[in-house]
Amino acid sequence: METYKLHVAGLERDLPICPLNDNLSIAGFVMFGDVEMTIRSAEELLKRVGDFDLLITAESKGIPLAYEMSRQSGKKYILARKSIKLYMHDPVSVSVKSITTAQVQTLYLDSTDMEQIRGKRILIVDDVVSTGESMHALECLVEKSGGVIAGKCAVLAEGDARERTDVTFLGELPLFFK
Ligand SMILES: O=P(O)(O)OC[C@H]1O[C@H](OP(=O)(O)OP(=O)(O)O)[C@H](O)[C@@H]1O
Ligand SMILES: Nc1ncnc2[nH]cnc12
């Protein structure tokens, strides 16, 4: 298997190169199961971001990172879901098409989450920012809820996102074009 060597948060990992289509591959960065990477990334991001009241991330790969940043900072995290559950009240939705997913996905927040966000400084968190669609969808949900965006952060910026100055990130990933 072809791999890409990543150095981030003082750690080294060999990421598998995964084709997305005939012309484009990514180095797959999946923190699920990698507790050391999750803890170290959360520490490093928290050192770099400013004050905030609440974290928000999107289902699913952002969850362990948001959990760990919440644990370390003592601030709660809100999760934007990718499907509506029966226990969600009056969900609001935003569409999103990330680089890894063929079809358009939808992110949902329920009214309880929106009430918590209203008037608060919200830190947007994700594992990777690539096209920026997922982060943009989270921004829309925060704005719809009446929250103030305190900052945006990701462990890795991929492709064009490496040039972004509005997102705090710890490392970079290339895209692999044929
Ligand atoms: O900047 P973008 O192009 O939007 O890509 C980044 C998003 O893609 C991945 O999620 P994915 O859609 O693969 O969903 P998953 O976390 O549920 O696997 C990743 O966790 C980010 O949320
Ligand atoms: N390189 C990558 N690995 C995992 N998820 C991603 N989402 C966007 N880019 C990604």
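FYI, side chains are in, hydrogens and waters are out, and symmetry mates aren't considered; it's all heavy atoms of this structure. In listed order, ligands and their atoms are each counted from 1.
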Original post:
Is any side-chain heavy atom of Glu2 closer than 4.5 Å to a side-chain heavy atom of Pro16?
Top reply: no
Subject >> pair Leu123-Met69: side-chain heavy atoms closer than 4.5 Å >> reply: yes
Original post:
Tell me, do Lys5 and Leu15 make a side-chain contact under 4.5 Å, heavy atoms counted?
Top reply: no
**OP:** Using a 4.5 Å cut-off on heavy atoms from C-beta on, say whether the side chain of Lys82 contacts that of Thr106.
**Re:** no
Original post:
How far is atom 12 (O) of ligand 1 from its nearest protein heavy atom, and which residue and atom is that?
Top reply: Ser98 OG, 2.6 Å
**OP:** Report the part of Glu158 (side chain from C-beta onward, or backbone N, CA, C, O) that has a heavy atom under 4.0 Å from ligand 1; answer both or neither where that applies.
**Re:** neither
Subject >> Test of proximity, Ala27 against ligand 2: N or O pairs below 3.5 Å >> reply: yes
**OP:** Indicate, as side chain, backbone, both or neither, the part of Thr101 found under 4.0 angstrom from ligand 1 when only non-hydrogen atoms are considered.
**Re:** side chain
Subject >> Atom indices of ligand 2 within 4.0 angstrom of Lys61 heavy atoms, with elements >> reply: 4 (C), 5 (N)
Subject >> From Ala137, Ser130, Ala157 - option closest to atom 1 (O) of ligand 1 by heavy atom >> reply: Ser130
Original post:
Can you find a pair of side-chain heavy atoms, one from Val155 and one from Thr38, that are under 4.5 Å apart?
Top reply: no
**OP:** Out of Gly159, Ser134, Ala161, indicate the one that has the non-hydrogen atom closest to atom 7 (C) of ligand 1.
**Re:** Ser134
Original post:
Nearest protein heavy atom to atom 8 (C) of ligand 2, by residue and atom, and its distance?
Top reply: Ile99 CG2, 3.3 Å
**OP:** Looking only at distances, please establish whether an N/O atom of ligand 1 is found under 3.5 Å from an N/O atom of Gly132.
**Re:** yes
Subject >> Arg118 with Glu115: basic N within carboxylate O range, under 4.0 Å >> reply: no
Subject >> Numbered atoms and elements of ligand 2 in range of Gly28, under 4.0 angstrom, heavy atoms >> reply: 3 (N)
**OP:** Answer with yes or no whether the hydrophobic clustering places Val8 together with Val49; edges join I, L, V, M, F, W, Y residues whose side-chain heavy atoms lie under 4.5 Å apart.
**Re:** yes
Subject >> Pairwise side-chain contact, Leu107 with Leu141, heavy-atom cut-off 4.5 Å (strictly under) >> reply: yes
Subject >> Min heavy-atom dist Lys97 to ligand 1 below 4.0 Å >> reply: no
Original post:
Quick one: which ligand 2 atoms are inside 4.0 Å of a heavy atom on Leu173?
Top reply: 1 (N)
Original post:
Could a heavy atom of Thr100 be found less than 4.0 Å from some atom of ligand 2?
Top reply: yes
Original post:
Which atoms from ligand 1 have a heavy atom of Thr131 less than 4.0 Å away?
Top reply: 1 (O), 2 (P), 3 (O), 4 (O)
Subject >> Rounded distance [0.5 Å steps], CZ in Phe29 versus SG in Cys18 >> reply: 13.0 Å
**OP:** Starting from atom 16 (O) of ligand 1, find the nearest protein heavy-atom neighbour and note its residue, name and distance.
**Re:** Lys61 N, 2.9 Å
Original post:
What do you reckon, does Gln105 put a non-hydrogen atom under 4.0 Å from ligand 1?
Top reply: yes
**OP:** Return the residue, atom name and 0.1 Å-rounded distance of the protein heavy atom closest to atom 4 (C) of ligand 2.
**Re:** Phe29 O, 3.3 Å
Original post:
Who gets closest to atom 20 (O) of ligand 1 by heavy atom: Asp160, Asp127, Leu138, Val167?
Top reply: Asp127
**OP:** Please confirm whether Lys75 makes a cation-pi placement over Phe52, using NZ or CZ under 6.0 Å from the six-membered ring centre and within 45° of the ring normal.
**Re:** yes
Original post:
Without hydrogens or angle criteria, can the side chains of Gln105 and Lys97 be said to hold a donor-acceptor pair below 3.5 Å?
Top reply: no
Subject >> Element-labelled atoms of ligand 1 that are located less than 4.0 Å from some non-hydrogen atom of Glu59 >> reply: 17 (O)
Original post:
Of Val128, Leu65, Leu107, which has the heavy atom at the shortest distance from atom 6 (C) of ligand 1?
Top reply: Val128
**OP:** Measure Thr100 to ligand 1 on non-hydrogen atoms and call it side chain, backbone, both or neither using the 4.0 Å cut-off.
**Re:** side chain
Original post:
What's the shortest distance from atom 14 (O) of ligand 1 to any protein heavy atom, and which residue and atom give it?
Top reply: Lys82 NZ, 2.8 Å
Original post:
Are side-chain heavy atoms of Val142 and Ile117 found at a separation under 4.5 Å?
Top reply: yes
**OP:** Please confirm whether Glu158 comes within less than 3.5 Å of ligand 2 when only nitrogen or oxygen atoms on both sides are compared.
**Re:** yes
**OP:** For the pair Asp126 and Lys61, find out whether any cationic side-chain nitrogen is under 4.0 Å from an anionic carboxylate oxygen.
**Re:** no
Subject >> Side-chain touch Leu173/Tyr4, heavy atoms, less than 4.5 angstrom >> reply: yes
**OP:** Under 4.0 Å from a heavy atom of Asp126: give me the atoms of ligand 1 that qualify, with their elements.
**Re:** 20 (O), 21 (C), 22 (O)
